[in-house]
Amino acid sequence: MQRMKFLFVLGVVALLVTGCGGGSPTSPSGTQYPSVAGSYTGTTTLVFPELNQSVSCPTSTSVTQSGGSINMAPLVLGGACGTLSIPVGAGTIDTLGALQGSTSGSYNEPSCGIYNWTGSGGFFGRDLRMSINATSSTCFNFNMTMNLSR
């Protein structure tokens with residue numbers, strides 16, 4: 001039962017992560033964006049406050065880039081997360097490497113209820129860091145933190 005709840009939450013994470021991109025850069029031409037293309041590996045940690053549990057999973061992805069437009073391959077989580085692939089896709093960054101687009105929203109999970117979420121993240125030097133906090137009055141709340149490096 002716990003494993004099913006965990007997999008359900010990871011499915012919700014997949015939907016939330018895809019909301020971190022979108023749109024197109026509106027900066028003037030000639031703007032310098034940090035180089036973020038490459039392969040990233042590291043750890044994703046999920047914390048479930050009501051369960052007083054957390055799980056850390058090795059994670060990898062790769063990023064391609066054209067100016068401020070990026071395309072992130074699926075996040076692949078292993079270890080305690082099994083072999084889970086979370087699609088991400090296209091997005092944009094600003095000149096500091098911060099991910100642009102939705103930073104909050106809600107998701108109606110049919111078997112559980114509504115999640116309200118906030119997220120942030122970006123590229124910092126050779127690191128990709130993202131954080132998502134999701135709360136619900138009827139589902140398990142969770143915090144996801146991803147720290148990956150090239």
Side-chain angles (χ1 to χ4, degrees), residues 1-23 25 33-65 68-150:
M1 185 67 153
Q2 288 291 73
R3 176 121 174 111
M4 288 180 64
K5 288 178 186 174
F6 174 72
L7 291 175
F8 159 75
V9 169
L10 287 178
V12 171
V13 169
L15 293 169
L16 300 179
V17 170
T18 59
C20 291
Y33 294 95
S35 175
V36 300
S39 296
Y40 289 80
T41 59
T43 303
T44 297
T45 301
L46 292 157
V47 176
F48 305 94
E50 294 91 352
L51 300 173
N52 199 26
Q53 293 182 353
S54 66
V55 61
S56 293
C57 307
T59 305
S60 64
T61 192
S62 62
V63 176
T64 57
Q65 175 182 15
S69 297
I70 62 165
N71 193 4
M72 192 179 306
L75 297 168
V76 178
L77 283 68
C81 295
T83 304
L84 183 65
S85 179
I86 301 173
V88 181
T92 59
I93 58 171
D94 67 15
T95 57
L96 298 175
L99 291 167
Q100 301 297 289
S102 297
T103 57
S104 65
S106 62
Y107 171 72
N108 185 12
E109 205 303 308
S111 68
C112 182
I114 296 175
Y115 272 101
N116 294 304
W117 61 272
T118 59
S120 63
F123 297 88
F124 304 90
R126 297 183 57 80
D127 296 335
L128 167 57
R129 300 180 207 143
M130 290 179 18
S131 177
I132 295 174
N133 297 313
T135 59
S136 173
S137 61
T138 55
C139 307
F140 289 121
N141 297 326
F142 67 91
N143 304 312
M144 180 185 92
T145 305
M146 182 176 58
N147 290 301
L148 308 177
S149 297
R150 295 190 267 175

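Every heavy atom of this structure was used, including side-chain atoms; hydrogens, water molecules and symmetry mates were not.
- Between V55 and A80 the shortest heavy-atom distance is CG2-CB, 3.3 Å.
- Between the side chain of Q100 and the main chain of T92, no donor-acceptor pair closer than 3.5 Å is present.
- Partners of T45 according to the side-chain hydrogen bond (donor to acceptor under 3.5 Å, both in side chains) rule, which considers only residues two or more places apart in sequence or in another chain, are S56.
- Contact record, P49 with V47: CD-O, 3.4 Å, taken as the closest heavy-atom pair.
- A distance of 9.0 Å separates CZ of R126 from OG of S35, quoted to the nearest 0.5 Å.
- The two residues G113 and C139 have their closest heavy-atom pair at N-SG, 3.5 Å.
- Minimum heavy-atom separation, A73 to T61: O-OG1, 2.7 Å.
- Judged by distance alone, the side chain of S60 and the main-chain N or O of T41 form no donor-acceptor pair under 3.5 Å.
- Applying the side-chain hydrogen bond (donor to acceptor under 3.5 Å, both in side chains) criterion to T135, with sequence neighbours excluded, gives no partner residue.
- Closest of all the heavy-atom pairs between P34 and T95 is CD-O, 3.4 Å.
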Please tabulate, one pair per line, all N/O donor-acceptor pairs under 3.5 Å involving side-chain atoms of residues 141-149, not counting sequence neighbours.
unit_1, atom_1, unit_2, atom_2, d
N141, OD1, S136, N, 2.6
N141, ND2, E50, OE2, 2.5
S149, OG, D127, OD1, 2.6

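- In terms of heavy atoms, T103 sits closest to W117 at C-CZ3, 3.9 Å.
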Query raised in the report: What's the verdict on side chain to side chain contact (heavy atoms under 4.5 Å, CB included) for I93 and V36, showing C-alpha distance, side-chain angles and the deciding distance?
Result: CA-CA 10 Å; I93 58 171; V36 300; 4.1 Å; yes
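- Side-chain contact between Y40 and F123: present, with at least one pair of heavy atoms (C-beta onward) separated by less than 4.5 Å.
- Around atom CG of N108, more than 12 heavy atoms belonging to other residues, nucleotides or ligands sit under 6.0 Å away.
- Taken to the nearest 0.5 Å, the OG atom of S104 stands 11.5 Å off from the CG atom of N133.
- To the nearest 0.5 Å, atoms CG (L128) and CD1 (I70) are separated by 8.0 Å.
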